[in-house]
Amino acid sequence: MSSRAQIQTLPQSRDNALLAVEDLSVTFSRGSLFSRLINPLPLPSFNVVDGVTLSLAEGETLGLVGESGSGKTTLARAILGLMRLAAGRIAFAGSEVRTPADFRAMRRRSAMMFQDPVGSLSPRLRIGTLLTEPAVIQGVPMPDRRAAAKALLALVGLPAAFVDRFPHELSGGQARRVGVARALAMKPRLLLADEPTAGLDVSVQGDVLNLIGELKRELGFAALIVTHNLAVIRHVSDRLAIMYLGRLVETGPTREVFAAPLHPYTATLIRSEPVPDPRRRSFGPAVRGEIPSVFRRPSGCEFHTRCPIAAERCRVDPPAYRAMGAGRMVRCHFPLSQGGQELGVLSGTSRNEKGKST
Amino acid sequence: MSSVAEASLSTPARRRLPMLGALLADPFTCVAIVLVAGFLVTAAFAPWIAPYSPLKIDVLHKLQPPSAAHWFGTDHLGRDLLSRVIYGARTALTIAIVSVAIAGAIGLLLGLIAGYGPRWLDAMLVLTFDSLNSLPMIMFALAIITVLGAGTGTLIVVIAATSFPSYARLIRAQTLALKNSDYILAERLIDASAARIIFIHLLPNVVGPLIILLSMDIPVVIMVEAGLSFLGLGVRPPTPSWGSILYDGYTSIRSAPFMVVFGGLPLVLATLGFTFLGEGLRDYLDPRLQLRRPS
Amino acid sequence: MSGALAVRDLSVRYETAQGAVHALRHVDIEASPGEVVGIVGESGCGKSTLVTALANLLPANARADGAILYDGVDLAGLDARRQRMLRGDEIALIGQDPMTAFNPVLTIGDQLVDFQHHRRDLGRAEKRARIVAMLGRVGISDAERRMKSYPHELSGGMRQRVAIAAALLTDPGLLIADEPTTALDVTMEAQIIHLLRELRRDYNGIVIVVSHHLGVIAELCDRVYVMYAGEVVEGGDVDAIFHGARHPYTRALLACDPAGFPDRLERLPTIPGSLPSLTVPPTGCVYAPRCERAFAPCGLAEPRPVPLSGSHMARCHAVSA
C-alpha cells in the first residue's frame with residue numbers, strides 16, 4: 001500500500017491531468033481461500049498490472065495497446081475501482097481517489113464500454129429502461145423517461161422505436177451504439193472503451209469510431225481506448241501507451257510512435273499488422289515465440305525472450321521506464337533511435353511510409 | 001426500493017402469447033396443461049363440483065361399488081369417494097403449491113444472497129443448505145410433528161424446510177456464473193445498489209430454471225403428502241386427502257378394490273401433468289433450445 | 001486437371017419457419033492445385049455457408065443446387081460413405097478456434113494418431129513418426145513433449161499450429177482455413193500467416209483461406225473472391241482485386257479498412273446502409289441499395305458476371321470489359 005506521506009507529492013506536471021495513475025499494480029494470487037488458510041507460507045502472487053504510470057489530459061484520447069494477457073483490460077477496470085489495487089495511486093480531476101466513496105464519485109463522472117456490446121446490456125431489460133437507468137440511479141429528475149431514452153437514441157443515430165427492443169434483438173453495431181448512448185447518458189468527463197470495435201465488420205467499425213469522435217468533439221470528454229487493433233487506434237488516439245506483460249513499455253504521441261517506435265516490441269507490433277496490399281507482403285514474422293505468462297515473468301527485461309536485439313544485459317537487468325524526448329517514455333536498454341539504423345534490424349517497420357513512396 | 005419498482009414498470013409484455021403458443025405446439029405439454037388446469041379448477045371449485053359433502057358419513061351405504069348415485073363408490077364410512085377425491089385435490093394442490101412456493105421463494109432469495117454476497121456469507125449459507133439437505137425427510141418430519149403436531153401446516157413446514165436448500169444451491173450456482181458477466185460489471189459501474197442488481201438484473205436471469213424445477217417438484221410433493229398421510233403423519237383423518245383415501249382403500253382392498261384405483265388415479269394424473277408441464281417449460285426456456293427458435 | 005476444384009452455380013438456401021433464407025446464390029469458384037484462394041467478405045456474406053458446403057457439412061435444413069466438382073467428380077452426387085471418405089481423406093478444415101477442434105481429455109499425440117485412422121497401411125509407431133515430422137514442419141520444435149500435452153496446455157498460437165499439422169497429416173487435396181488467425185494476437189497472427197506461406201512450398205493441394213480480414217487475404221492469397229450477401233461480386237488475381245477493383249462494393253470495402261491509411265483520418269470511411277434481407281433478396285443487384293453508382297438497371301435485373309482481363313470478373317452493371 002502506498003504511504004500517506006507521498007500523497008501530497010503528486011507531480012506538478014500532472015496537476016492539470018484529468019486522470020493520473022501512479023505506479024498502479026493489480027495482483028492475482030493463485031490458490032483458494034481454503035488453501036490460504038491451511039498454508040502457512042504466503043502464496044506466490046503475480047502482478048497482472050505492474051507499476052503502471054500514465055496520465056490523461058482533459059479531452060485527450062489515449063490508446064492503450066497490448067496483446068491478450070498484457071493486462072490492459074485489468075488496468076482499465078482497476079482505474080474505475082472494479083479490481084482491488086495492490087499498490088499505486090489514482091487521481092481524478094486533481095483529487096486523489098482512495099476510498100470506495102471516492103471511486104463512486106469518480107464513476108459518476110466517467111463511463112465504460114465493454115468488449116461485448118450485447119453482453120454488457122442486462123438481457124431482460126428493454127433498451128429504453130437501460131438507457132435511463134444511470135439517471136434513475138443517480139436520482140436525476142426525469143419527467144418523461146421514454147422521451148429521454150428516445151433523445152439518447154437519436155444522439156447515436158438509432159430509431160426511437162428501439163426503446164421497446166431487448167438487447168438480443170439488436171445487431172452488434174446497433175448494440176454498440178446503445179452502449180455509446182448509455183455510456184454518455186450522464187455526460188461523463190472520462191470514457192473508458194474496451195475494444196470498442198471488437199467483432200464489428202470493417203464497414204461498421206468506422207461508423208462507431210466516427211460516432212465516438214463526433215460526440216467527443218461535441219461533449220468534450222477524455223477517452224481511454226483499450227485495444228489490440230493498431231490499424232484502428234492510429235486514427236482515433238492522440239497518444240499511445242503500449243503494454244507488455246502488465247507493464248508499459250512505451251508511451252508517446254500516436255503519430256511519432258508509429259513513425260519511429262522506440263521499443264522493439266512496439267516495432268514488432270506495428271510490423272506484425274497485416275497490410276491489405278499484396279504488393280507489400282511481409283517477408284517473415286517480426287517476432288518469434290510466444291507471449292510468456294505473467295505467472296512466469298522473464299527475468300530482466302520481460303521482452304528479452306522474444307526481442308530481436310536483446311543483449312546479455314537484457315536478461316539480468318530490468319530496464320527503467322525513462323523519458324526519451326518530448327512526451328515519450330520507453331522501457332528499454334537499447335531503444336531504437338528515431339529513424340536510425342537499428343530499425344534496419346526490424347526491417348519494414350515504416351513499411352507503410354515506404355509503400356506510399358513506391 | 002421505489003426505483004426497483006420503477007424499472008420493471010415499462011411497456012406491456014409482448015412475449016406472453018408466443019410463449020403459450022410454443023407450449024401448446026407440443027402435444028405432451030398440451031395434455032399437461034389440460035390436466036393441470038383441470039386439477040386447479042377442480043380444487044378451486046370443489047364445493048360446487050362435488051356432489052356430496054366429503055365428510056358426510058352414511059354407514060348404511062359403506063363400501064358401495066361405483067353406481068349412478070356414487071360414481072366412484074363409497075368408502076368404509078359410506079362417504080362419497082368422488083367428493084373425497086375432489087376435495088383431496090384441494091388438499092394435495094394446496095399443500096404442494098404452497099410448500100413449493102415457499103421453498104422456492106426462500107431458495108431464490110438465499111441463493112441470490114449467497115451467490116452475489118460476500119464470500120463469508122456464501123460459506124455460511126452453503127453450510128446451512130448442506131446441513132438441511134443431509135436430514136432424512138421422514139425423520140425430520142417425525143421430529144417436527146412431535147413438536148408441532150400433525151396437520152396441514154406442519155406438512156408445509158416440513159416440505160418447505162427440506163426442499164429449499166436444493167433450490168438455493170441451483171440459484172446460487174446460476175448467480176455465481178452471472179456475477180462477473182459484463183452487464184453486471186456495467187451495472188456496478190453506474191453505481192447500481194446490490195438490491196437493484198440482485199432483483200432487477202440477476203433475478204429475472206436465474207429464475208427460469210427454478211420455475212422448471214418447481215413445476216417438476218410439485219408431483220414429488222403431492223406424493224410425499226400422500227405418503228405421509230398414508231403413514232398417518234400428514235393430513236389429519238376427517239380432511240380428505242389422496243393419501244388417506246389410498247390408506248383406507250388399502251385396508252379394505254379385498255372387499256372394495258375400486259377405492260385404491262380411484263384414490264391412485266388422480267395421483268398418477270397429477271404427477272404426469274406437472275412433470276410434462278415442467279418438461280415443456282424446460283424445452284421452452286432452455287437456452288440451448290432457444291438458439292434454434294427464431295427470436 | 002487433377003485435383004482441381006470448381007464450384008458451378010452453387011445456391012444454398014436454409015428452410016426455416018420464417019421462410020427460405022437464401023444464403024448463397026449462383027456462386028462460381030475455381031481453384032487449381034498449388035493455388036491459395038481467398039474468400040473475403042463481411043458477416044452475413046455467406047462465407048461460412050460456402051465453407052460448410054465445400055466440406056460437405058451442410059445442416060439438414062439446407063437445400064443446395066448447382067455443383068461442387070472436385071477432381072471432376074460432383075460431391076453432391078456421391079453416396080454418404082464416399083462423401084465421408086472424401087471428407088477424411090481429401091478435404092481438411094482448419095477452424096477459427098482450434099480449442100473446439102480437439103477433445104479436451106485426450107493428449108495431442110493420441111488425437112493426431114486418430115486423425116490418421118484411414119491410413120490402415122501404417123502402424124502406430126509410423127503414425128507417431130509422421131506426427132513428429134509434421135509438428136516439426138509447423139514449427140513445433142519439441143514435438144515429442146508436445147504430443148504428451150493436452151489441448152488446454154497449449155497457447156492459442158500453438159493450438160493453431162497443431163490444427164494445421166492435423167489437417168496436413170491426412171495429405172488433403174483441399175485445405176480450407178476458415179478465419180485461421182481471427183482468434184489470435186497480432187504477433188501470433190503474423191507467425192501463422194508466415195507458416196501457411198512456408199507450407200505452400202511443399203504442399204501441392206488447394207488452399208482456401210476464408211477471412212473478413214483484408215490484410216490476411218492480401219498476405220496469403222493468389223486469387224481472391226469477394227462475397228456480399230450470398231453472392232460472389234468480384235473475383236480475380238489478388239493484385240487485380242487490391243489494385244484494380246472494379247465492383248463498387250470491393251472498392252468501398254477496401255476504402256473502409258483503416259489499415260490502408262498510414263495517416264490519421266478525422267473520419268473513417270464507412271459503407272452506409274445495411275445488408276439486404278436474405279429471406280427476400282432484392283430483385284436486381286444485391287448491392288444496389290447501398291451502391292453510390294447505382295443506376296436504372298441495377299434495381300431491375302441481376303447483373304451477370306462481366307469478364308475482365310485474365311481471370312478477373314465483376315458482377316456489376318456499371319462495369320464493362
Side-chain angles (χ1 to χ4, degrees), chain A residues 66-70 171-173 197 199-210 213-214 228-237 254-255 258-259 265 268-291 293 306 350-353 355-356, chain C residues 41-45 139 154-158 181 184-195 197-198 212-222 224 237-239 241-243 249 252-275 290:
Chain A
E67 296 182 274
S68 54
S70 63
S171 73
T197 59
L200 296 182
D201 281 321
V202 259
S203 67
V204 184
Q205 71 183 14
D207 256 351
V208 171
L209 293 170
N210 291 340
E214 268 163 37
H228 69 275
N229 192 334
L230 283 170
V232 160
I233 203 68
R234 85 188 298 166
H235 297 292
V236 293
S237 71
T254 305
R255 182 197 277 270
F258 271 100
Y265 177 62
T268 56
L269 268 187
I270 295 172
R271 211 187 133 208
S272 296
E273 192 74 21
V275 181
D277 184 348
R279 293 181 190 170
R280 288 192 276 143
R281 285 185 176 173
S282 57
F283 298 106
V287 62
R288 300 194 175 272
E290 308 250 333
I291 307 163
S293 152
R306 306 172 75 198
S350 50
R351 204 169 26 154
N352 281 356
E353 279 68 27
K356 245 195 328 182
Chain C
E42 299 184 283
S43 49
C45 73
L154 306 180
S155 70
M158 192 69 86
T181 63
L184 304 176
D185 282 312
V186 247
T187 54
M188 290 317 298
E189 177 173 71
Q191 292 182 27
I192 296 294
I193 287 175
H194 184 68
L195 170 67
R197 214 188 283 153
E198 293 245 292
H212 70 282
H213 195 321
L214 291 164
V216 172
I217 296 288
E219 289 273 3
L220 276 174
C221 303
D222 305 317
V224 179
D237 202 60
V238 68
D239 201 66
I241 296 292
F242 281 88
H243 288 280
Y249 174 67
L253 187 67
L254 288 169
C256 277
D257 191 347
F261 310 96
D263 294 316
R264 181 170 177 171
L265 299 174
E266 273 313 306
R267 278 192 68 83
L268 291 166
T270 62
I271 307 178
S274 53
L275 268 184
R290 297 172 83 177

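Computation of the quantities below employed the complete heavy-atom set of this structure, encompassing side-chain atoms and omitting hydrogens, waters and symmetry-equivalent molecules. Below, read A as the first sequence line, B as the second, and so on, with proteins coming before strands; counting in each chain starts at 1.
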query = With respect to chain C, which residue among G206(A), S203(A), A231(A) yields the maximal number of heavy-atom pairs within a distance under 4.5 Å?
reply = S203(A)
key: Portion of S237(A) that has a non-hydrogen atom of chain C nearer than 4.5 angstrom   = backbone
key: Contact origin within I291(A) toward chain C - heavy atom pairs under 4.5 Å   = side chain
request  = Measure from the side-chain N and O atoms of D185(C) to the backbone N and O of S68(A), and report whether any donor-acceptor pair falls under 3.5 Å.
outcome  = yes
request  = Check for a donor-acceptor pair, side chain of R234(A) on one end and backbone N or O of R255(A) on the other, with a separation under 3.5 Å.
outcome  = no
What part of [X] gets closer than 4.5 Å to chain A, counting heavy atoms only: side chain, backbone, both or neither?
{"X": "Q191(C)", "answer": "both"}
{"X": "L220(C)", "answer": "backbone"}
{"X": "I193(C)", "answer": "side chain"}

Among [options], which has the most heavy-atom pairs under 4.5 Å with chain A?
{"options": "T187(C), V216(C), I271(C)", "result": "T187(C)"}
{"options": "M188(C), E42(C), E266(C)", "result": "E42(C)"}
{"options": "A255(C), P258(C), A190(C), G44(C)", "result": "P258(C)"}
{"options": "A252(C), C221(C), P269(C)", "result": "C221(C)"}

key: Donor on one side chain, acceptor on other, T268(A) and R306(A), under 3.5 Å   = no
message = Less than 3.5 Å apart, any donor N or O on the side chain of D277(A) or H243(C) sitting next to an acceptor on the other?
response = yes
task = Supply the atom-to-atom distance E189(C) CD to L184(C) CG, rounded to the nearest 0.5 angstrom.
result = 7.0 Å
key: Gap between atom CD1 of I217(C) and atom CZ of F242(C) - 0.5 Å precision   = 7.0 Å
task = Would you indicate whether the side-chain heavy atoms of E67(A) and H228(A) approach each other to under 4.5 Å?
result = no
